[in-house]
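Take a look at the structure set out below.
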Amino acid sequence: MLLQEIPKKEDIIAAEKRIHDYVHRTPVFTSMTLNEILGVNVYFKCENLQKVGAFKMRGASNAILSLTKSQLKKGVATHSSGNHAQAVALAAKLSKIPAYIVMPQNAPEVKVEAVRRYGAEVIYCESNLKAREETLNEVVEKTGATFIHPYDNYDVIAGQATCAKEMIEDTDHLKAIFAPIGGGGLMAGTLLSSQYFGNKIPVIGAEPEGADDAYRSWKAGALLPMENPDTIADGLRTSVGERNFPIIQKYIKDIITVSDDEIIEAMRLIFNYLKLVVEPSGAVPFASMIKIKEQFKGKKVGVILCGGNVDLKKLPF
């Protein structure tokens, strides 16, 4: 049964049990050298090591596994050019149901191939939101498949919340958690887990300067969608969803925006000291933490590395 309201504590616990066999419990890494350089004890939740290389597997799996038998029979559909597309495709494959993924014509070939490898049907469209939504509606009408929204969906939020829940359980006495904001699914889930399981640890949002709709919306107290996002962090170019924003408004401590240069430097530090490859979006929370590190001198903070799907031929450092 799909959730109709903001997930409660028991909804996130149920989601964790539901998706147990579909996802990895990803490790938390720290680097003594990096901690000495920064003067902060940083604990990285490595969702770049998650299935499909991103946290998206959690929300997609929970949403699909929450469907009724009759819904499952007709399959699932979504529109995405990236990690959510792969997550829905793999979760559908594991559930032995059809998946229809609407992808823009300019989607990276490596991502299209990954979606096909998981057995999903790819339907191309023009590379704009209107075309994506219209094509998706046609697919849903034709197939009867259930639309799994990338972030504006309470079951997706509950699934994403399991990431911070694990991190809280695997670390002690964090003074803050830094997480990225794109559509807001991971951020909303992180905020809820902080409230329910983390003794209300302050959660700080991280956004690229070139896609700062969440920051502007938060300051204005109303949704202000991004018109022409311009950032290397392609996974965070999306505007915050309607179900996500009230959770962000209610619970977020702060939102820190960072430049592309700061994102690239954070990627480089993670690569050098943790020996991990993260995509630009995955490095944004760390870049934000570095920007305000003086506030956390000698303290423990958590940073969610949300994904690792980067084209190594296009590494920016």
Side-chain angles (χ1 to χ4, degrees), residues 26-50 53-56 82-83 163-164 167 171 174-184 186-187 190 201-215 229-238 252-317:
T26 52
V28 176
F29 286 176
T30 191
S31 161
M32 191 170 68
T33 308
L34 196 52
N35 292 345
E36 284 173 5
I37 291 168
L38 297 171
V40 183
N41 295 316
V42 189
Y43 290 82
F44 296 92
K45 177 64 169 166
C46 299
E47 286 296 287
N48 57 313
L49 303 178
Q50 186 54 265
F55 74 94
K56 292 281 191 181
N83 296 336
C163 173
M167 186 185 204
T171 52
L174 293 176
K175 297 302 178 190
I177 295 173
F178 288 78
I181 313 179
L186 179 62
M187 175 49 71
T190 301
I201 298 166
V203 177
I204 297 171
E207 247 190 338
E209 288 173 357
D212 65 345
D213 65 288
Y215 176 78
D230 181 18
T231 172
I232 190 174
D234 58 314
L236 302 181
R237 291 175 188 156
T238 317
I252 204 159
K253 170 79 173 166
D254 200 357
I255 299 176
I256 306 298
T257 61
V258 288
S259 68
D260 278 5
D261 286 345
E262 288 168 323
I263 295 167
I264 291 165
E265 176 61 11
M267 287 176 75
R268 192 183 64 78
L269 288 169
I270 292 164
F271 188 86
N272 280 346
Y273 293 104
L274 293 172
K275 312 305 177 198
L276 291 173
V277 176
V278 295
E279 60 193 81
S281 302
V284 169
F286 185 42
S288 298
M289 195 287 301
I290 293 170
K291 197 164 188 173
I292 59 168
K293 66 180 190 292
E294 298 307 317
Q295 294 180 27
F296 298 100
K297 271 261 179 277
K299 294 175 179 170
K300 291 172 73 169
V301 301
V303 170
I304 297 176
L305 302 178
C306 61
N309 291 320
V310 63
D311 185 344
L312 292 179
K313 293 196 287 288
K314 295 179 182 173
L315 268 181
F317 57 84

Residue pair Ile204 / Ser288, side-chain heavy-atom distance below 4.5 Å: no
Main-chain N/O of Tyr215 paired with Glu207 side-chain donor or acceptor, under 3.5 Å: yes
Close side-chain approach of Ile177 to Thr190, heavy-atom, < 4.5 Å: yes
Nearest-0.5 Å distance, CD1 of residue Ile181 to OG1 of residue Thr238: 12.0 Å
Residue pair Phe178 / Ile292, side-chain heavy-atom distance below 4.5 Å: yes
Validation row: Asn35, Thr30 side chains within 4.5 angstrom (heavy atoms): yes
Heavy-atom side-chain proximity of Phe29 to Leu305 below 4.5 angstrom: no
From Ile256 atom CD1 to Ile290 atom CD1, the distance as rounded to the nearest 0.5 Å: 13.0 Å
Closest non-hydrogen atom pair between Val258 and Glu262, with its separation: CA-OE1, 3.3 Å
Side-chain heavy-atom pair Asn272, Leu269 within 4.5 angstrom cut-off: no
Flag if over 12 foreign heavy atoms under 6.0 Å of CZ, Phe296: yes
Asp230 atom CG, neighbour heavy-atom count above 12 within 6.0 Å: no
Short side-chain to backbone donor-acceptor contact, Arg237 and Ala211, under 3.5 Å: no
Atom of Thr257, atom of Lys291 and distance for their closest heavy-atom approach: O-NZ, 2.8 Å
Leu34 and Phe44: CA distance, side-chain angles, deciding distance, side chain to side chain contact (heavy atoms under 4.5 Å, CB included) verdict: CA-CA 12 Å; Leu34 196 52; Phe44 296 92; 4.0 Å; yes
Short side-chain donor-acceptor distance under 3.5 Å, Glu47 and Thr26: yes
Note, Ile232 side chain near Pro208 side chain (heavy atom, < 4.5 Å): no
Asn83 side, atom CG; Ser281 side, atom OG - distance, nearest 0.5 Å: 8.0 Å
Side-chain ion pair, Glu279 and Lys56, N-O less than 4.0 Å: no
From Ile304 atom CD1 to Cys163 atom SG, the distance as rounded to the nearest 0.5 Å: 4.0 Å
Results of salt bridge (Lys or Arg N to Asp or Glu O under 4.0 Å) for Lys175 - residues two or more places apart only: none
Which atom of Leu38 lies closest to which atom of Lys293, heavy atoms considered: O-CD, 3.6 Å
pair Tyr273-Val42: side-chain heavy atoms closer than 4.5 Å: no
Donor-acceptor pair, side chain of Asn48 and main chain of Val278, under 3.5 angstrom: no
